[in-house]
Structures are given as C-alpha cells and as structure tokens.
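Presented below is the structure to which this report refers.
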Amino acid sequence: MSILQRVTDIRTLLSDHQLQAYIIPSSDPHQGEYVATHWEAREWISGFTGSAGTAVITEDYAGVWTDSRYFIQAEEQLNGGPFKLHKMFNSKSQDYFEWLIDHLDEGSTIGCDGRLFSRKFLASKVKKLNNKNIDLNPNLDLISSTWINRPTLPKDKIFEHKIEYAGETRISKIKRIREEMKKVEAGYHLISTLDDIAWTFNIRGADVNFNPVAYAYALISPTWTTLYIDPDKIDPVLEDLLSVDNIDLKPYDYIWQDLNQLDSKIPILIDENTISYSMYRAINCSEIINKTLPSIKFKSVKNEVEIQHFRNVMVKDGVALVKFYRWLEASISAGITEYDLTEKLAEFRGQQSGYFSESFNAIVGYRGNGAIVHYRPSKEDSAELAQEGLLLVDSGGQYVDGTTDITRTISLGSPNDQERDAYTRVLKGHINLDRAVFPEGTLGVQLDTLARIHLWHNRMNFLHGTGHGIGFFLNVHEGPQGFYPGIASRSRVSIDEHMVTTNEPGYYKEGIFGIRIENCLLTVKDKDGFLKFETLTLFPISSDLIDRSLLTYDEKEWLNNYHQQVFERLSPHLSSDEVKWLEMKCTHI
C-alpha cells in the first residue's frame, strides 16, 4: 500500500467519524522515545523514519512536524509524497496544534489516540482548542483498521538484571519509592515508563530495539506491589523470584480495570509527563498527586557498583572500537559503505563479554550525510567511502554491565582549512565542558554554553542539545538531566554527583560535512561543595583534524592526558599490532 493510499484511507475515516483532522505521534502508550515496531504508526503513515515527529492529516493537507535533528532527513524522505515538512523549535515555527487552530474552522473536531500522548501535553492543548471552539476526541484509534499486516506486540521473555550489576535489590528500590510516597501522603503510585519499571524491578527485556525493556505497568501501595505484564514473558524461575519479593503479577491490560477500581478516597501519585492522557482518565482516585516519578531521579544517580561497571564497560567498548577503526582504515579501498560500518560495529562489540545489542541505530554519515544529525544508513541506499572527506560515526553498545555512547569524526583524506577550523572549535567546546568545575545545584543550561562559546565566536552553532543522561544497561537517552539550551525542560535540572551525561558538541554544514565529538562524563565531587567531571569514554580523538594554532596550552595538555589515559587503559587488552596502532593515535601533540 502506497503512502498516498494510506493517507486516503485515513481521510475516509475522518469522514466516517465526522473529524476534520487526525494526529499520529511517534510514541507508544508508555511515552517512549523508542518504540516497538507495532507502535511505529507515524513512520508507517508518512515514510519518515526519524525517532521524533508527528504526522497530521486533514481533509486536504498532510504534514509532518519534527525537530532540527531530522530536518535534512525528513526533507529527503518526504520529498515527492503527500506530506509536507514543518520544522519545529525555530523562531518561525508553529507546533502542529497551533497550526490546526489557525487552519481549522470553529466547530471542527480533531481526533487522536489518547494513549499515545502524555496527560500534561494533551491537557494543555485541550484548553487552547476549547478557546477556539475546536473539539478533541481522544478515543479514536484509526490506525489499527488501516494498517494491514501490522506487527504484533513483542513476546520476548524478560530476564533478571542480577544484583552483581544492579548494585541494589528491587526490595530496596521499592522501599525508597514508598518513602517518597509517604512524604506526599500517597497511598498508590503508578509507574508506566518502561525504563523506570525495568530499573525498579531489576528486570530487562527485548521489546524495543536497542532498549532492554519490556512492555509493562506497575502499581505500588505501602503494603503491596503489582507488576502488569504479559504472563508469557515470565519464566517460572523469575516468577518465583518476584513472588519471594512480594510482587504480584497480573496480565498487562488488567491495569485499566484496576485503576478504575481503586479506593477513591486514597490519593495516587502519578507523573503527568509520563502517564498517558487516556490512562489518567481511567484513574478512580479523587485526589491525584502530580510529581516527577521518584525512580527517574533515583536511577539517574548511579550507585558505586554501577559506576565501577561503567568504567569497566568503557574498556570493552574501547577495545571493540580499536578493532573497528583498524578494520576501517584497511578496508576503505575495498569499496565499503556506511551500512557496512554499522554491521562491523555490532560485530566487533559482539565479541566482547556481556554484549546484548547496540544501544541505538549507529549514525554513520560520510561527507554530506554527516550533516544529517540522526542519519541512519540503509543497506539499499548507503554512501560508499573514498579516501577523502569527513566521516562521522556515532554509536553505542548495550552490555549487561553498562551502556555506551560515543561519537568520533575522522578524515579519510587530507582535511581542508574549513574542516580543521570547525573541528577544532568543536573540540575546544568539548574540552571546555569536560574541564568544568561548578557548584552543587548547577543546571544543565548553565553548563551548555561552555560547549558552544568557541563556535559562537565565529558565528557558528549547532541546534541539538550538548548532552543527555545515559542509563545503566537501559535507555541510551535517560532523564532527567542534560546539557540543553534554555528551551528544553531538561536544561532546568541540576547536574548532580554520580550522574552520567554525554558531552557531544558538533557542527554541521549541509551537504558537505558533519562534525561531532562525544564522550560520557561521570559527575564527581571536587571540594568545598563543588563538582567536576570524570571522563568515562576511552578512545582516541582525531589529532590530524586539529588546527593546533587554535588550541591553548591547557587544551593541548587535556588532550595529551586523555590520550595517555586511553592508552594505559586499553593497551593491556590488545594485540601487539593493535597496541602499535593505538600508540600512534594517542601520540602527544
């Protein structure tokens, strides 16, 4: 079925339901960034494959709204089809609700599936729609009847994330959550986000590509805990372990009826940012307490066991990358493609102990493709590498003992002055943030500028955030913290001790090249109430792209010290030829 036919089918349903528009987001009922293929409705309807975006279909118009990470990709993938691109989060943009308010007549009705939107988001939009006399029907799933051969929900088994990795029992985690419930006098607590459930119960799954989570809900009271999950996903051994810890199991869909049958006099703690609009409406409690999930902050602050595993897993990942980049250098003349590189990255990581999967679709962008911030090469349409131009490789691994995320930009030939200048300014920003010393309570937005200032001096910038939190054998993008400009909610969160956050400034010249340098940072104590960063990632940064005249003595010293650390940590795990290669890449400047 063509994209145009799919849109036509939805428009037929618009007429049937007396709607003037229908909204199709990228999310699932758990508000996940990455979702199972069953929930990839926006991709199916539009052909745009980016992880973030929303499709809107009216009687005579179809549009996709997405952010700057995907502008170039979306333009290419939507070109020639019925959908038009709308660029979000720039000075001239409207979000899709604002656009609908401007383009629909009074008395119109918009339809959507309320399971796929957070309570906070959709409730705020309903008020604006009502002011314009436009109704919203949030109870319509128009996708299921039109998506022929839609993938089924996953049935993979979940498994125990052992205490030797987690560092804290689920009993202890649930106790901490109950203490937070008591502080706000809540008698129930609902968790619907998959990574928070995985963290709380020390379980992992394979329902979502690259994220070791399983579709489930959890309901906690001061005396009982219920996990709602497909019973086919749990083997008898794990079922017994959960039973010993006084965790009841119920089928996944039973959460809806249980929420409707709660004691209405007992307050429930929820998070309007993470609970779906439809699920919020199913809650029977007369008092609903809205606060950030306690588990979000708990899991962002890593314990000592997790931290040590993070340090160890970076060695394994660094070894895999040494093997990968040596293979790359030896294979360029053989006609390899961007897609070949994604396959090899997984192959070399797969040789490491504890490997589970990649942590996201590897971003391998050669020359102009590197300027597509979240570019994903396909087997059928992938650029062939040559001995010239820049190559950006952003990838990561999921291991039972940690999650990695690293970006390196290398030159496959002789870099020109423009490439050297841009690369060096990105590197200076990366070093500037890495070397930051800051008081406790400092927000991500306050540190974000450190990574941009040297680009700004030359009227250059990048439109994505500078860094995001990262999970421990969990989602590679994890809240609540990050280094973001002021428009992002995560920019208003403090960067606390024992958080792991990426440092990834970049610069992109459309159609020509992309540059990004990324390491993972652990926040550690400095002294006198101040904090600083420990660099976790272990792999050389390309020295041949640096304009050394732009680096200060301190910046050169930072790079030399970092390379010394990389060499000392990785070399004991390499062959003699690999050690020689690494030594060359870590040569002091």
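A quick note: this is a predicted structure, and the numbers were derived from the prediction, not measured.
By the salt bridge (charged side-chain N to carboxylate O under 4.0 Å, His left out) test, E347 pairs with K344, sequence neighbours left out. Shown here are the salt bridge (charged side-chain N to carboxylate O under 4.0 Å, His left out) partners of R349, two or more places apart in sequence or in another chain: D317, E358. With sequence neighbours excluded, the residues that form a salt bridge (charged side-chain N to carboxylate O under 4.0 Å, His left out) with E504 are R516.
Classified by interplanar angle (parallel below 30°, tilted 30° to 60°, perpendicular above 60°), the ring pair F472/F310 is perpendicular. F473 and H161 have tilted rings, their planes meeting at an angle from 30° to 60° on a 0 to 90° scale. In this pair, F513 and Y507 present their aromatic rings tilted. The plane angle is within the 30 to 60° band.
Under a cutoff of 6.0 Å and an axis angle of 45°, R425 and W456 do not form a cation-pi pair.
Using a distance-only test at 3.5 Å, with no hydrogens or angles considered, no donor-acceptor pair links the side chain of Q5 to the main chain of S2. One N or O on the side chain of S26 and one on the backbone of G53 form a donor-acceptor pair closer than 3.5 Å.
Within 6.0 Å of NZ on K509 lie no more than 12 heavy atoms contributed by other residues, nucleotides or ligands.
Side-chain contact, S382 with Y366: no donor N or O sits under 3.5 Å from an acceptor N or O. For R376 and N369, the side-chain atoms include no donor-acceptor pair closer than 3.5 Å.
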Steps toward side chain to side chain donor-acceptor pair (under 3.5 Å) verdict (T58, D60): CA-CA 5 Å; T58 72; D60 58 5; 3.3 Å; yes

Chi angles and distances behind the side chain to side chain donor-acceptor pair (under 3.5 Å) call for D28, Y215: CA-CA 10 Å; D28 60 17; Y215 280 101; 2.8 Å; yes

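Side-chain contact between S395 and I363 is absent, with no heavy-atom pair separated by less than 4.5 Å. V208 is not listed as a side-chain neighbour of V35, based on a closest heavy-atom distance of 4.5 Å or more.
From N475, atom CG reaches atom CZ of F360 across 13.0 Å, with rounding to the nearest 0.5 Å.
The pair E557-R435 does not meet the salt-bridge criterion, since no charged nitrogen lies less than 4.0 angstrom from a carboxylate oxygen.
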